[in-house]
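As a basis for the values below, the full set of heavy atoms in this structure was taken, side chains included, without hydrogen atoms, waters or symmetry mates. Sequence lines set the chain letters: A, B, ... in the order given, protein chains first and strands last, and positions in each chain run from 1. If you're wondering where the values come from, they're calculated on a predicted model, not measured in any experiment.
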4 protein chains.
Amino acid sequence: MDGFQRRKEQKKRNILDAALTLFMEYGISKVSISEIAKEANVSQVTIYNYFESKHQLIHDVFIYYVDKASSDFEKIVYSDTPFPDKIKKIIFNKKEVAKQINEEFYQYLMKEYSTEGNYIEKIYVEKAVPYFTVLFKEGKEQGFIDPNLSEEAILFYVQMLKDYIQKEDVYQKILPLTEEITNIFFYGIIGKQKKDKE
Amino acid sequence: MDGFQRRKEQKKRNILDAALTLFMEYGISKVSISEIAKEANVSQVTIYNYFESKHQLIHDVFIYYVDKASSDFEKIVYSDTPFPDKIKKIIFNKKEVAKQINEEFYQYLMKEYSTEGNYIEKIYVEKAVPYFTVLFKEGKEQGFIDPNLSEEAILFYVQMLKDYIQKEDVYQKILPLTEEITNIFFYGIIGKQKKDKE
Amino acid sequence: MDGFQRRKEQKKRNILDAALTLFMEYGISKVSISEIAKEANVSQVTIYNYFESKHQLIHDVFIYYVDKASSDFEKIVYSDTPFPDKIKKIIFNKKEVAKQINEEFYQYLMKEYSTEGNYIEKIYVEKAVPYFTVLFKEGKEQGFIDPNLSEEAILFYVQMLKDYIQKEDVYQKILPLTEEITNIFFYGIIGKQKKDKE
Amino acid sequence: MDGFQRRKEQKKRNILDAALTLFMEYGISKVSISEIAKEANVSQVTIYNYFESKHQLIHDVFIYYVDKASSDFEKIVYSDTPFPDKIKKIIFNKKEVAKQINEEFYQYLMKEYSTEGNYIEKIYVEKAVPYFTVLFKEGKEQGFIDPNLSEEAILFYVQMLKDYIQKEDVYQKILPLTEEITNIFFYGIIGKQKKDKE
DNA sequence: AATGAATGAGGGTTCATTCAT
DNA sequence: GATGAATGAACCCTCATTCAT
């Protein structure tokens with residue numbers, strides 16, 4: 001990739017970054033192309049030169065986001081850390097993805113692309129799910145996960161916790177409860193039971 | 001309340017209903033005053049006569065919504081049903097509130113009102129939390145809830161499950177996992193452990 | 001029609017007039033909604049309140065124009081004037097329609113509506129052709145028109161002359177040739193031939 | 001002209017051809033520089049290197065067009081064909097110019113250049129009129145044209161028929177009327193009269 | 001000479017809100 | 001009190017044109 005290409009890619013990334021930041025902060029429909037342009041220090045038209053339409057930009061930002069996020073997953077999953085800590089990190093560590101993803105972002109994509117054969121879903125599954133699979137296998141082997149539980153159910157559960165906690169307003173309130181939440185996750189609301197003869 | 005008043009109140013409710021329906025279906029920013037007016041069979045200006053601005057309308061719709069929702073809670077909490085079924089109902093039963101509440105609705109309010117000293121939060125706490133308290137007390141007495149768990153933690157957990165599952169797209173996917181999800185909620189991902197001497 | 005209605009209709013006509021004037025002067029694509037708004041002394045949005053889109057406005061302007069034009073035809077056809085003078089008037093008299101119709105106007109409509117089953121064509125035929133028929137019958141009876149000529153052919157011919165001469169730039173140049181053009185129309189380029197025994 | 005020059009000229013022609021094609025198909029204002037660039041396989045800037053502005057490009061395309069068209073005239077006029085057939089060819093033969101010229105093209109030039117002392121007019125007169133003159137002389141000598149008719153009048157008449165028939169939509173409708181139209185052109189709407197003692 | 005990248009100006013359209021009746 | 005009519009501001013997008021390489 002020569003200098004031209006590199007600078008071009010850089011600018012594209014600038015725009016994607018600016019858009020991602022704004023989308024996550026204010027939602028999608030509240031953010032105008034002109035605001036993104038200002039944030040990225042380019043003209044509106046430049047954005048249109050790189051992305052055909054706002055729709056397309058949103059789509060590309062999503063891909064960009066999923067890429068980033070799944071690469072963070074990967075690091076955690078293959079890191080040299082005890083299983084429970086990995087889970088904690090995934091659920092609670094906001095640093096893992098630069099910032100939270102605004103819910104509208106997800107909603108928008110789900111709606112807009114629902115006609116395209118769950119394209120979004122497909123991408124997500126391809127990129128992120130494999131790492132989860134590896135993680136859950138580890139969890140089961142080490143006795144942290146009930147072997148009777150399906151991968152889908154656990155995936156849903158982790159996803160939910162993660163997504164929910166990512167929300168700015170929730171995050172603040174939940175911080176002091178981290179330990180408790182983790183416990184519920186592992187042992188349920190009924191609490192840790194003594195094992196036989198333990 | 002005389003006839004005039006009553007008719008006036010009725011019209012106000014019509015508008016609130018129309019707005020709520022549309023907000024939940026399409027999100028807030030996608031719904032225009034003109035659409036609400038059409039749905040409620042009044043003129044746009046009539047809406048302004050009752051509610052100062054779109055902002056104010058949204059706010060009032062939220063109050064209206066919370067009222068409705070908490071009344072549903074109340075019924076469940078005080079119903080003659082085993083504790084686990086109450087929980088299931090709260091988490092999974094979509095009927096409890098007419099339709100799902102669009103996420104943007106929540107987000108919008110959280111953001112718009114965050115400056116107003118968590119006004120929304122206050123309302124929610126006042127209306128809905130008391131019922132949860134009653135419910136959790138019951139749960140602890142019957143041994144379904146670890147007595148060491150704080151009310152906040154459980155509340156958060158229930159809320160999260162409930163909110164998340166309310167999402168249209170999630171709901172469909174989760175249906176077959178209902179049993180498993182419930183199990184995780186009660187016993188954690190580690191699964192049901194045998195109690196001593198049980 | 002009460003006062004409200006009348007004023008509304010009046011405003012609609014103002015807009016149609018403004019649009020017609022501008023379209024005929026500058027063509028369709030060169031005229032922006034904002035210019036029409038300025039010319040009609042209303043805001044852009046008002047135009048959108050009356051006409052759904054620029055497309056629709058153009059369409060309505062066309063109907064408006066055809067109505068006006070055919071009413072002018074009617075007057076000429078049923079007036080108490082010798083046949084040749086009627087023809088002359090139709091072809092040369094610009095006053096008959098306020099101003100010339102810009103060619104792009106016609107083209108635009110033809111293209112845009114070609115999918116709608118020649119809607120434009122239908123309107124034109126309904127409104128204007130009947131008067132031509134009356135006129136040609138008169139011409140044939142009085143021996144001014146070769147009885148072997150089909151109505152279509154003559155209609156085409158008159159139309160063409162009329163349209164062509166309506167063009168601003170052509171009109172100026174043609175004025176001194178009026179007599180000659182009329183002669184060619186009646187007697188062809190071969191000129192007036194003596195009739196038998198005349 | 002060396003190789004450089006020749007290649008340069010070729011590229012210029014490519015651009016002119018591309019522009020002419022597109023203008024005739026879609027009109028002038030609907031065609032963007034970027035589309036012309038794509039059609040001609042050059043960059044937008046290259047177009048600006050050869051032609052100062054879109055305005056200038058349009059102008060040059062017109063010259064290019066008139067050149068082409070008048071060369072077609074020339075061939076017909078000097079061909080070995082009876083006079084009436086030459087006329088027919090000129091009026092009805094679309095092949096003579098690659099495709100019809102979009103009306104807007106003509107209009108645009110007429111308007112834009114009207115301030116420049118009828119520059120367009122001048123070019124047209126210089127290039128095309130001389131051939132018409134030759135033709136009409138032939139017509140008069142052979143008795144096909146009334147010797148009392150001025151050249152201007154006949155020129156106008158032929159031009160008009162030609163232009164009008166060139167229109168795509170008109171052309172289709174007129175085809176079955178060719179014979180009749182020709183007759184009207186030669187003998188007028190009054191029809192062929194018997195000559196004395198004929 | 002040729003191009004990819006960038007842009008100011010402007011176009012059609014929608015929206016929350018106000019005016020006038 | 002209720003409404004039809006009107007609007008300023010903003011949005012997405014396109015275009016002719018220029019900059020930088």
Side-chain angles (χ1 to χ4, degrees), chain A residues 2-5 7-8 10-12 15 29-37 40-58, chain B residues 4 7-8 11-12 29-37 41-58, chain C residues 2-5 7-8 11-12 15 29-37 40-58, chain D residues 4-5 7-8 11-12 29-37 41-58:
Chain A
D2 61 21
F4 275 122
Q5 276 299 321
R7 225 168 316 142
K8 189 174 165 175
Q10 185 50 47
K11 199 155 238 170
K12 206 168 174 177
I15 295 172
S29 37
K30 291 277 178 53
V31 174
S32 73
I33 292 286
S34 113
E35 282 168 320
I36 298 171
N41 277 320
V42 296
S43 96
Q44 285 197 54
V45 187
T46 297
I47 294 181
Y48 280 91
N49 286 341
Y50 285 100
F51 310 91
E52 285 221 324
S53 62
K54 189 181 183 184
H55 189 92
Q56 185 62 41
L57 171 60
I58 292 164
Chain B
F4 275 121
R7 231 172 309 144
K8 196 173 156 176
K11 205 161 228 173
K12 206 167 174 178
S29 37
K30 291 275 178 56
V31 174
S32 71
I33 292 286
S34 116
E35 281 167 321
I36 298 172
N41 277 320
V42 296
S43 92
Q44 295 193 48
V45 186
T46 299
I47 294 181
Y48 279 87
N49 287 340
Y50 285 102
F51 310 90
E52 282 218 324
S53 63
K54 190 182 184 184
H55 188 92
Q56 184 61 41
L57 171 60
I58 291 164
Chain C
D2 59 21
F4 275 119
Q5 276 299 321
R7 222 167 320 140
K8 190 174 165 175
K11 198 154 241 170
K12 207 166 173 176
I15 295 171
S29 36
K30 290 276 178 56
V31 174
S32 73
I33 293 285
S34 112
E35 283 166 322
I36 298 172
N41 276 321
V42 296
S43 94
Q44 284 197 54
V45 187
T46 297
I47 293 181
Y48 280 90
N49 286 341
Y50 285 99
F51 310 90
E52 286 221 325
S53 61
K54 189 179 183 185
H55 188 92
Q56 185 62 40
L57 172 60
I58 291 164
Chain D
F4 275 121
Q5 276 298 321
R7 233 173 308 145
K8 197 173 156 176
K11 205 161 228 175
K12 207 166 174 177
S29 38
K30 291 276 178 56
V31 174
S32 70
I33 292 287
S34 116
E35 282 166 321
I36 298 171
N41 277 321
V42 296
S43 93
Q44 295 193 48
V45 187
T46 299
I47 293 181
Y48 279 87
N49 286 340
Y50 287 102
F51 311 90
E52 282 218 326
S53 62
K54 190 181 183 184
H55 189 93
Q56 184 62 40
L57 171 60
I58 292 164

| said: Counting primed atoms plus P, OP1 and OP2 as sugar-phosphate and everything else as base, spell out the protein contacts along nucleotides 6-12 of chain F at 4.0 Å heavy-atom distance: B, S or - for each nucleotide, 5' to 3'. | reply: BBB--SS

Any idea which heavy atoms bring [X] and [Y] closest together, and the distance?
X: B:A37; Y: B:S43; value: CB-C, 3.9 Å
X: A:I15; Y: A:A40; value: CA-CB, 4.0 Å
X: A:K54; Y: A:V31; value: NZ-O, 2.8 Å
X: C:K30; Y: C:E35; value: O-OE1, 3.4 Å
X: A:S34; Y: A:Q44; value: CB-NE2, 3.4 Å

Whole angstrom value for the distance that separates [atom2] of [N] from [atom1] of [X]:
X: C:F51; N: E:dG12; atom1: CZ; atom2: P; value: 15 Å
X: D:K12; N: E:dA1; atom1: NZ; atom2: C1'; value: 14 Å
X: D:Q56; N: F:dT17; atom1: CD; atom2: C1'; value: 15 Å
X: A:Q10; N: E:dA5; atom1: CD; atom2: P; value: 14 Å

| message | How long is the straight-line distance from NZ of A:K12 back to CG of A:L57, given to the nearest 0.5 Å? | response |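 If I round to the nearest 0.5 Å, the distance is 10.0 Å.
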
| query | Between atom OG1 of B:T46 and atom CG of B:N41, what is the distance when rounded to the nearest 0.5 Å? | reply |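 Output value for this atom pair is 11.0 Å.
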
| Runs of at least three Watson-Crick or G-U pairs with DNA chain F, cut-off 3.5 Å |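 Paired runs of 3+ in DNA chain F: E:2-21 with F:2-21.
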
| query | Which is it for A:V42 and A:Y50 under the side-chain contact (heavy atoms from CB on, under 4.5 Å) test, yes or no, and what are the steps along the way? | reply | CA-CA 11 Å; A:V42 296; A:Y50 285 100; over 6 Å; no

